[in-house]
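For reference, the structure is listed below as C-alpha cells.
Because the structure is predicted, anything quoted here is derived from the model rather than measured. In the text below, chain A, chain B and the rest are named by the order of the sequence lines, each starting its count at 1.
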There are 2 protein chains.
Amino acid sequence: MADIRDLALHLNISTGTVSRALNNRPGVNAATRARVLEAAIELGYVANQSGRSLRRGATNTIGFLIETGSAANQESGDFFFILLDALHLYLAGKGFDLMILPCHSADDPAEFLGRLVARGLVDAVVITATRRHDRRIEMLTRSTLPFLTLGRSETPGAYPWIDMDFDGVARRSVAELVAQGHRRIALALPDNDVMLGYHYRRGYEAAMADAGLTLDPALIFRNPTSEAGGFALGRQLAQARPSAVMLCSEATTVGLYAGLQREGITPGPDLSIVTFRENPQLRFLSPAPATFRVDISAIGRLIGENVIALLSPDTRPEAARAEILVPLDYLPGASICPPR
Amino acid sequence: MADIRDLALHLNISTGTVSRALNNRPGVNAATRARVLEAAIELGYVANQSGRSLRRGATNTIGFLIETGSAANQESGDFFFILLDALHLYLAGKGFDLMILPCHSADDPAEFLGRLVARGLVDAVVITATRRHDRRIEMLTRSTLPFLTLGRSETPGAYPWIDMDFDGVARRSVAELVAQGHRRIALALPDNDVMLGYHYRRGYEAAMADAGLTLDPALIFRNPTSEAGGFALGRQLAQARPSAVMLCSEATTVGLYAGLQREGITPGPDLSIVTFRENPQLRFLSPAPATFRVDISAIGRLIGENVIALLSPDTRPEAARAEILVPLDYLPGASICPPR
DNA sequence: GGCGTCATCGCAAACGTTTACGAAGGCTTG
DNA sequence: CAAGCCTTCGTAAACGTTTGCGATGACGCC
C-alpha cells in the first residue's frame, strides 16, 4: 500500500534519501536513517518488487528448475522438499526469493529457458537431474544467465556444479559386499541416461576391478526408477541369482522388497541389498536395508552459497566456479549378510 | 536482450502500436499486427516482466504457500509434486507463473504474508495445510490479496476453498469395516490441529453412530504423522486390541506395518487396515492396504481455474467464491478381513 | 576571511512497459 | 460536399524505485 513517496512525504525528506536509507547506502545521516527505518515499519512500507527490479535490472530471485512429467521422480519427493526448504531459508537471509520453475518434459527445454532468460524473471537458475548430454546446459552456456547445476554432466563448457558422490557410493557398496564374501554382485540402474546412473556404474566397475572380480553383463539390470520397476527387478534377480544387489533408487528398493517376497527370496540371508538414499520410508522396511545418508539441507545451503557467489560482482570468477562433490555416509543394515 | 523500442525502431512504428499488437489489444491493423508478431520471434523479443508488472500493477504470478519445517510433511512429497505440476501446466496456459513460497514454520506467518502482500510479488496466493483456526487466513482476509485455500478452516470469513472429502472417506471406511463385521474400530489421528484430522474424526463419529456402535475413547490415537508415529501406533494397538484401524496418513501406515510385524500381528487377518491416500509406496506393502484414490492432477487444475477466476474482473464475485469438495474413490485391499 | 573539503540531501533522469488521449486520414451518410 | 464516424497509429504520461549529479551548509585550515 504505502509508497516510497508516502514515506518521504511523511518524513518531509526526498524519496532519494529514503531509498538510500533503506538500502544502507552511504551518504545519509545516522539520525535520518533511523527515522526512516522507524517510519517504514510504522507505515508498513516494503519496497515494491517490480519497481526495484526494473530500476536495478535484477530481480533478486533465483529460479529452481524441476523437470516434471515422465522421468522426473527419480528422487523421492521429500528430497526436493528438504532441499528447497534449506535453500529458501538461506536465500531469504540474503534477501533473495526462490522461484520454482517446473519444466514439463514435454516442453522443449531450450525454448522454455529462452523465454525465461528474456523475460528477466530470475537472476540465476539452478537446474537439476542433469543428463550426460544436457540441452539445457548447452542453451544456458550460450546465454548470459548465470546457472548452477545439481548434478554433473559431460556437456562441454565450464560451469559450476554440485553433485553427490555416486561413484564413491558404488565403490563403498562393492567393498562392503566383497568384505562379506560376495562375488556375484548385481547392479540395478535406471533405464534412462540420467548422470546418477552413469557415475554409479563407473564406481561399480572400478571397484569390481579393484576387487579382482570380473564383470558379468547379465548381472546389470536397467529398470524404471519406480516401485513397479523394483518389483520387476525381483523377478529378474530370481532368474539370475546373484548373491547381492546394489540399487540407486529408493522407490525401486521398496518395490524390490515386495518383488522378492513374491519370489520367496528373503532379503538379507538370500540376497544382500545395499541402496540409497536413506530415508524414513526405507528405514521401516524389514530387514532394514544398508543405505547411504546425505545431508540434504547442507546441499541446499551449498547451492545457495554458490549461486549467490555467482551473482556478487566482487567474487573472482574462478572462485565462483564451484565443482563440489558431496560425500554420503554409509549406514550398515541387516540387509547385508554373508552369501550362502 | 531486445527492447520493445528496438522492435519498434526495427519496424518503423511506435512502441505503443507494438505493445498493442503483442497484447492483442484492439485498434491495430491486422497486417501490422502480423508484422509485429513476426519481428518479435525474429528478434527473440519477450516482454520484460518487471516493466510490465510495474505498469500493469499485476505480476501475473500466483504464489503457492507451503509450510515447511516441523509438522509440514503430513502429505508425502509426491502429492505436492503432482499437484504443482498440474497447477503449473494450467497456469502456464493462461500466461501465469507459479511461485512456490516456502514459509518456515518458525517464521511468523502473519509477518511473512504481510511482506509478501506489500512487495507485490504475486497477484494471488494459494495456502495449504489449513488449520482449524488459521492465522494466515485471518491475515489474508484483512488484506486485499486474493487467496484460495487448499483445505477448509473454521476461521471466520468468506473465502474460496478446495478440499478433499475426508469426512466421506471416514464414513466409507467405517461402512466397509462394519460390513465385514467389525465393531471395535480404532481411529488414528495426527497429533496436531490440521483440518484433515478434524474432518476425518467427524466422519468416523457420525458413521459409528449410524452403525449403532458406541465410541470408545480408548480406541482413538494421536500420533505424529510419520513412519515413527505409525511404528509407535503398532504397540498401542497391540495393547488396545481393536479388530480394525483407520488411518489418514501414508507415512504412518508404512510405519504401522513395521510396528505390527514387530508385535507379531499380521495385517489383515489379525487387524484390518484402511488408510489413504493411495500411492505406489503403499501399493507395495503386503497385504496391500485398502485405500482411497484421488486425482491429484485434477485438484491442481481445479486450483488453477479457481484462482484465475478470482483475478478476472468479469466473473461475478459470488461465482468466484469456490467451495469445492473433491471425492476420493475407495480401493479395496487385502488388508481388510472379517474379524476373528 | 577566503577557500577547500566533506557530509548530507534534493532533483530528476532513467529502467521497460502499458494506455489514455489526440491526430490524421479514409469512409459513409445526409 | 460537409459533417461525422471509424480505423489506425503516434505521443507522452504514468507505474515505483534507484542513483548520478549538483546544491547547500558546516567545518577546518591557512
Side-chain angles (χ1 to χ4, degrees), chain A residues 1-37 39-40 43-61 95 97 115 117-123 313, chain B residues 1-37 39-40 43-61 95 97 115-123 144 313:
Chain A
M1 272 327 235
D3 212 333
I4 199 179
R5 280 184 291 254
D6 299 338
L7 203 54
L9 217 64
H10 180 255
L11 289 167
N12 261 341
I13 56 180
S14 76
T15 63
T17 305
V18 173
S19 173
R20 277 186 289 263
L22 291 173
N23 294 321
N24 262 340
R25 287 252 172 292
V28 38
N29 188 295
T32 340
R33 182 180 311 248
R35 279 179 57 220
V36 170
L37 293 180
L43 298 192
Y45 170 80
V46 184
N48 176 284
Q49 188 64 25
S50 301
R52 164 173 290 179
S53 300
L54 182 59
R55 171 63 222 217
R56 289 222 267 231
T59 59
N60 268 34
T61 303
D97 286 307
R115 269 202 315 261
V117 173
R119 287 179 59 196
L121 268 181
V122 297
D123 295 342
Chain B
M1 270 329 232
D3 212 334
I4 198 179
R5 278 185 292 256
D6 298 338
L7 202 55
L9 217 64
H10 180 255
L11 290 167
N12 261 340
I13 55 179
S14 77
T15 64
T17 305
V18 173
S19 174
R20 278 186 291 262
L22 292 174
N23 294 320
N24 262 341
R25 283 254 173 296
V28 38
N29 188 294
T32 341
R33 185 183 308 257
R35 279 178 58 218
V36 171
L37 293 180
L43 299 192
Y45 170 80
V46 183
N48 177 283
Q49 188 64 26
S50 302
R52 165 173 290 179
S53 300
L54 181 58
R55 170 63 222 220
R56 290 223 263 231
T59 57
N60 268 35
T61 304
D97 286 308
R115 267 201 316 261
L116 187 71
V117 173
R119 286 179 60 196
L121 268 183
V122 297
D123 296 341
T144 62

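For A:Arg56, the salt bridge (charged side-chain N to carboxylate O under 4.0 Å, His left out) test picks out no residue, with sequence neighbours left out. With sequence neighbours left out, B:Asn48 forms a side chain to side chain donor-acceptor pair (under 3.5 Å) with no residue at all. With sequence neighbours left out, the side-chain contact (heavy atoms from CB on, under 4.5 Å) criterion links B:Asn29 to B:Ala31, B:Thr32. Taking B:Ala47 as the reference, B:Tyr45, B:Arg52 meet the side-chain contact (heavy atoms from CB on, under 4.5 Å) condition, with sequence neighbours excluded. Taking the side-chain contact (heavy atoms from CB on, under 4.5 Å) definition, one finds that A:Val36 meets it with A:Leu11, A:Ile13, A:Val18, A:Ala21, A:Leu22, sequence neighbours left out. Residues passing the side-chain contact (heavy atoms from CB on, under 4.5 Å) test with A:Asn60, sequence neighbours excluded: A:Gln49, A:Phe96, A:Asp123.
Residue A:Ala118 comes nearest to B:Gly44 through the heavy atom pair CB-O, 4.5 Å, listed as atom of the first residue, atom of the second, then distance. Contact between B:Thr59 and A:Ser50 at its shortest, heavy atoms only, is CG2-OG, 4.2 Å.
In this structure, A:Leu121 places its CG atom 13 Å from P of C:dT17, rounding to the nearest Å. Taking atom CG on B:Asn29 and atom P on C:dG25, their separation rounds to 16 Å, with Å as the unit.
Remark: the backbone N or O of A:Arg25 is paired with a side-chain donor or acceptor of A:Arg33 at under 3.5 angstrom.
Proximity of residues 9-22 of chain A to DNA chain C (heavy atom under 4.0 angstrom from any strand atom) is restricted to A:Asn12, A:Ile13, A:Ser14, A:Thr17, A:Arg20. Residues of residues 52-61 of chain A having a heavy atom closer than 4.0 Å to DNA chain C, listed by number: A:Leu54, A:Arg55.
Residue contacts for B:Arg5: at a heavy-atom cut-off of 4.0 Å it reaches a base atom on one of the strands shown.
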Please write out each protein N/O paired with an N/O of nucleotides 26-28 of chain C under 3.5 Å, distance rounded to 0.1 Å.
none

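Contact footprint of chain B on DNA chain D: nucleotides with an atom under 4.0 Å from a non-hydrogen protein atom, first to last in 5' to 3' order, D:dT8 to D:dG16.
Annotation: the terminal axes of the helix from C:dG1-D:dC30 to C:dG30-D:dC1 meet at 50°, where each axis is the rotation carrying the C1' atoms of four end pairs onto the next four (5 pairs per end, rounded to 10°).
Side-chain contact between A:Leu121 and A:Thr61: absent, with no pair of heavy atoms (C-beta onward) separated by less than 4.5 Å.
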Side-chain donor-acceptor distances from residues 2-10 of chain B under 3.5 Å, at least two apart:
| unit_1 | atom_1 | unit_2 | atom_2 | d |
| --- | --- | --- | --- | --- |
| B:Asp3 | OD2 | B:Arg5 | NH2 | 3.4 |
| B:Asp6 | OD2 | B:Asp3 | N | 2.9 |

